[in-house]
Amino acid sequence: MIALRSLRSKLFRSIQGRLLFASALVLPVVMLLAGIALKNAYHSSQEVAVNERLQLQVYLLLGSIELGDQLAVLPQSLQEPRYAQIGSGLYGVIHSANGKLLWRSASSRLLPENQLRYETSLPSIFTPGASQFSHQADAGLYRYSFSVIWEQNGREQAMTFTVMESDQAVKKALAAYSTQLAMWLMAVLMIALVAQVLIMRWGIQPLKGLARDLKQIEQGEAEILTGRYPNEVQAVTDNLNRLIESERQQRERYRNTLGDLAHSLKTPLAVMRGAREEQLALEQYGDVVDEQVARMDQIVQYQLSRAVKSQGRVLAQAVVVKPLVDRMLTALDKVYRDKGVHSEAMVNADLGFAGDERDLMEVLGNLLENAYKYGDSQVSVDATLNGDSLQLLIADDGPGVSPEARQVILERGARLDTSIQGQGIGLSVAVDIISSYDGKLEVAESNLGGALFKVTLPGGSVA
């Protein structure tokens with residue numbers, strides 16, 4: 001019982017197994033019904049042939065009638081020799097209108113009397129041309145009766161001609177036909193099952209190809225499904241490709257977010273480390289730590305939200321830019337105090353950024369930190385409003401960026417100066433955020449002699 005359940009479970013879990021099981025159930029039923037229909041049709045055709053044959057025999061009897069003085073009579077010998085052979089299987093009788101036996105063939109001598117009686121099912125009022133065909137299964141005979149009125153010398157003579165034939169020939173033909181039919185239907189059934197198996201294997205071949213291609217993706221041998229599939233499967237593969245691409249992008253976003261998170265936490269950690277080295281009073285040091293811990297918590301929440309979204313969301317209310325710039329400059333002055341960098345901010349108090357404050361903080365943090373890191377002694381921030389666009393200009397007096405390398409440094413992990421500690425992801429993070437607002441980041445040469453980063457973002461005036 002357990003083995004049977006296991007086999008049934010494996011069978012029904014396979015599409016090919018289900019189709020084959022259904023075919024094994026349906027095809028025999030179809031073949032059986034077809035066999036019954038063909039057998040009945042053949043039997044009917046045989047009985048039609050018997051009916052026509054017996055009708056012809058009646059006509060032969062009518063043609064053999066000889067005219068006597070008063071009544072029409074049949075001769076002693078007929079053209080059909082079987083009428084003269086006892087038990088030949090062909091019998092003939094003639095009755096009067098009242099059922100009286102007028103003539104019987106020699107072949108009917110051994111038939112029981114009840115089989116020679118007048119067919120009472122014929123109309124009681126004699127109708128010329130009335131006929132009846134029937135099969136007497138209990139007697140094993142086919143019977144055909146035909147009524148006529150013979151007129152001779154002004155006298156009418158009503159007679160019913162009946163011809164009977166044994167049904168053994170029909171039974172033998174039907175039995176032979178049934179045997180042949182069963183053999184052919186069995187052969188057709190086996191061929192149909194084999195053809196069904198081959199068709200199913202051919203039909204599900206694209207699914208096997210799909211499974212093979214998915215395994216290649218799982219093993220890293222391919223990135224997407226590139227095979228050619230039938231139209232019914234193509235929609236599935238297209239959706240799978242979109243799902244795979246979405247999953248890959250999400251995984252890449254998670255990986256980038258981890259790197260961005262580590263990169264963003266460096267500045268608050270550096271500020272706390274610098275505050276410790278300044279040997280501030282405990283209360284002042286606690287304020288610095290609280291401020292940076294809050295900043296770190298904000299950074300963590302921000303990076304987690306970035307990990308699950310793919311597009312920046314423009315807010316209805318603009319964020320004031322100047323306080324954010326001042327805050328970032330103050331923090332970086334502490335981090336790079338040993339370098340003695342002089343910072344300058346030219347930002348009007350009414351300038352606003354039409355977006356998420358955390359996005360602007362991330363962009364400013366990455367760009368300003370690079371300016372402090374690679375600049376020699378000067379960093380400047382200039383912000384203006386050009387229509388609906390906020391333009392930020394961040395400049396330093398460092399070595400600058402060559403025209404050939406200005407596009408390279410915007411790629412994740414790209415670094416020109418490997419002697420300075422870093423992961424090379426700050427600029428790419430800024431590019432991702434700016435792109436999400438349909439903004440633009442350009443690299444040029446500043447008036448201070450170093451690099452100039454031009455940032456264009458949606459902006460507006462703050463009332």
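Residues: numbered from 1 along the sequence shown. Computed from a predicted structure; not experimentally measured.
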With rounding to the nearest 0.5 angstrom, report the CD to CD distance, Glu362 to Glu357. 12.5 Å

If you look at every heavy atom in Leu185 and Met31, which pair is closest and at what distance? CD1-O, 3.6 Å

Is a side-chain N or O of Ser105 found less than 3.5 angstrom from the main chain of Gly92, in a donor-acceptor match? yes

Between Gly460 and Leu385, which heavy-atom pair has the shortest distance, and what is it? N-CD1, 3.6 Å

Heavy atoms, side chains only, cut-off 4.5 Å: are Leu189 and Pro28 in contact? yes

Nearest-0.5 Å distance that lies between atom CG in Leu441 and atom CD1 in Ile434: 4.5 Å

Search all heavy atoms of Leu101 against all heavy atoms of Trp103 and return the closest pair with its distance. CD1-O, 3.4 Å

His95 side-chain N/O to Leu116 backbone N/O, donor-acceptor pair under 3.5 Å: yes

So, Gln196 and Ser23: side-chain donor and acceptor under 3.5 Å apart, yes or no? yes

Going through the checks in order, is the side chain to side chain contact (heavy atoms under 4.5 Å, CB included) test met by Leu198 and Trp202? CA-CA 6 Å; Leu198 296 178; Trp202 177 67; over 6 Å; no

Begin from the C-alpha positions of Leu174 and Gln46 and carry the test side chain to side chain contact (heavy atoms under 4.5 Å, CB included) through to its verdict. CA-CA 8 Å; Leu174 186 60; Gln46 289 293 312; over 6 Å; no

Polar side chain donor-acceptor pair, Tyr144 to Asn51, under 3.5 angstrom: no

Side chains of Phe453 and Val443: closer than 4.5 Å at any heavy-atom pair? yes

For a side chain to side chain contact (heavy atoms under 4.5 Å, CB included) check, start with the C-alpha distance between Gln168 and Lys171, then their side-chain angles and the critical distance, and finish with the verdict. CA-CA 5 Å; Gln168 292 302 313; Lys171 289 183 177 179; 4.3 Å; yes

With rounding to the nearest 0.5 Å, note down the distance linking CG in Asn386 to OG1 in Thr456. 8.5 Å

Please report the closest heavy-atom contact between Ala192 and Leu27, naming both atoms and the distance. CB-CD1, 3.9 Å

Under the ring-ring contact (aromatic ring centres under 6.0 Å, His included) rule, what pairs show up with a residue in residues 162-197, not counting sequence neighbours? Tyr42-Tyr177

The side-chain contact (heavy atoms from CB on, under 4.5 Å) partner of Tyr91 among Gln57, Glu165, Met164 is Met164

How long is the span from the CG atom in Leu392 to the CG atom in Leu367, to the nearest 0.5 Å? 8.5 Å

Kindly give the heavy-atom pair with the smallest separation between Ser107 and Ser88, and that separation in Å. CB-OG, 3.6 Å

Find out whether Val48 and Val50 are in side-chain contact, i.e. whether some heavy atom of one side chain is under 4.5 Å from a heavy atom of the other. no

Between Ser145 and Thr162, a side-chain donor and acceptor under 3.5 Å: yes

Point-to-point distance, once rounded to the nearest 0.5 Å, from CG of Leu360 to CD1 of Ile433: 9.5 Å

Using salt bridge (charged side-chain N to carboxylate O under 4.0 Å, His left out), reason through Arg53 and Glu47 one step at a time and then give a plain yes or no. CA-CA 10 Å; Arg53 192 164 56 246; Glu47 290 190 337; over 6 Å; no

Steps toward side chain to side chain contact (heavy atoms under 4.5 Å, CB included) verdict (Arg327, Met361): CA-CA 9 Å; Arg327 189 190 310 174; Met361 287 286 291; 3.8 Å; yes

Would a 4.5 Å heavy-atom cut-off, applied to side chains only, mark Tyr83 and Val163 as touching? yes

Close side-chain approach of Ile394 to Leu452, heavy-atom, < 4.5 Å: no

Side chains of Leu225 and Leu214: closer than 4.5 Å at any heavy-atom pair? yes

Asn40, CG atom: more than 12 neighbouring heavy atoms under 6.0 Å: yes

Tyr142 vs Phe133 aromatic rings, parallel, tilted or perpendicular, using cut-offs 30° and 60°? parallel

Over all atoms of both residues, closest heavy-atom pair of Thr160 and Ser147: OG1-OG, 3.3 Å

Roughly how far, to the nearest 0.5 Å, is the CG atom of Asn370 from the CG atom of Asn366? 7.0 Å

Between the side chain of Ser108 and the main-chain N/O of Arg104, is any donor-acceptor distance below 3.5 Å? no

